[in-house]
Amino acid sequence: DPVVRASLASLSGNLLLYHSDFVEIEGVAKRLEERCLDPDETVRSKVCETISKVAVKNPDKVTRSMLKAVSARCVDQKSVVSSIAMRGLA
């Protein structure tokens, strides 16, 4: 369900920011990167938004591969996703 996947993407950002002592950053990063390729545009946009927010609040919690996944969404077919990705990387 897209609503569940989008909610999990948002919660993953909170895990990275506030509970990184208990989670493996690389594991969470891998899942977020996979969600960047989700068939649903709502999920892709939420993942881009989440990664961008984490990067602003604490850049140490974001991996290079996560930023690459967001940058790949700058050319998404859906303008909503690409604009969120571009704003997040700006």
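Sequential numbering from 1 along the given sequence is applied to the chain's residues. These numbers were taken from a predicted model, which means no experiment stands behind them. These values consider heavy atoms only, across backbone and side chains, with no hydrogens, waters or symmetry-generated copies.
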Over all atoms of both residues, closest heavy-atom pair of [X] and [Y]:
X: Pro2; Y: Val43; answer: O-CG2, 3.4 Å
X: Ser82; Y: Cys74; answer: CB-O, 3.2 Å
X: Glu49; Y: Ile84; answer: N-CG2, 3.9 Å

Indicate yes or no: at least one non-hydrogen side-chain atom of [X] is less than 4.5 angstrom from one of [Y].
X: Met66; Y: Val54; value: no
X: Val47; Y: Asp38; value: no
X: His19; Y: Val28; value: no

Salt bridge flag under 4.0 Å for residues [X] and [Y]:
X: Asp40; Y: Arg5; value: no
X: Arg44; Y: Glu41; value: no
X: Lys30; Y: Glu26; value: no

Do [X] and [Y] share a hydrophobic cluster (ILVMFWY, side-chain heavy atoms under 4.5 Å, transitive)?
X: Leu15; Y: Val70; value: yes
X: Ile51; Y: Val81; value: no
X: Leu8; Y: Ile25; value: no
X: Leu89; Y: Leu37; value: no

Report task. Sequence neighbours left out, what pairs pass side-chain hydrogen bond (donor to acceptor under 3.5 Å, both in side chains) with at least one residue falling in residues 7-16? Result ->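 Sorted result for residues 7-16: empty, none.
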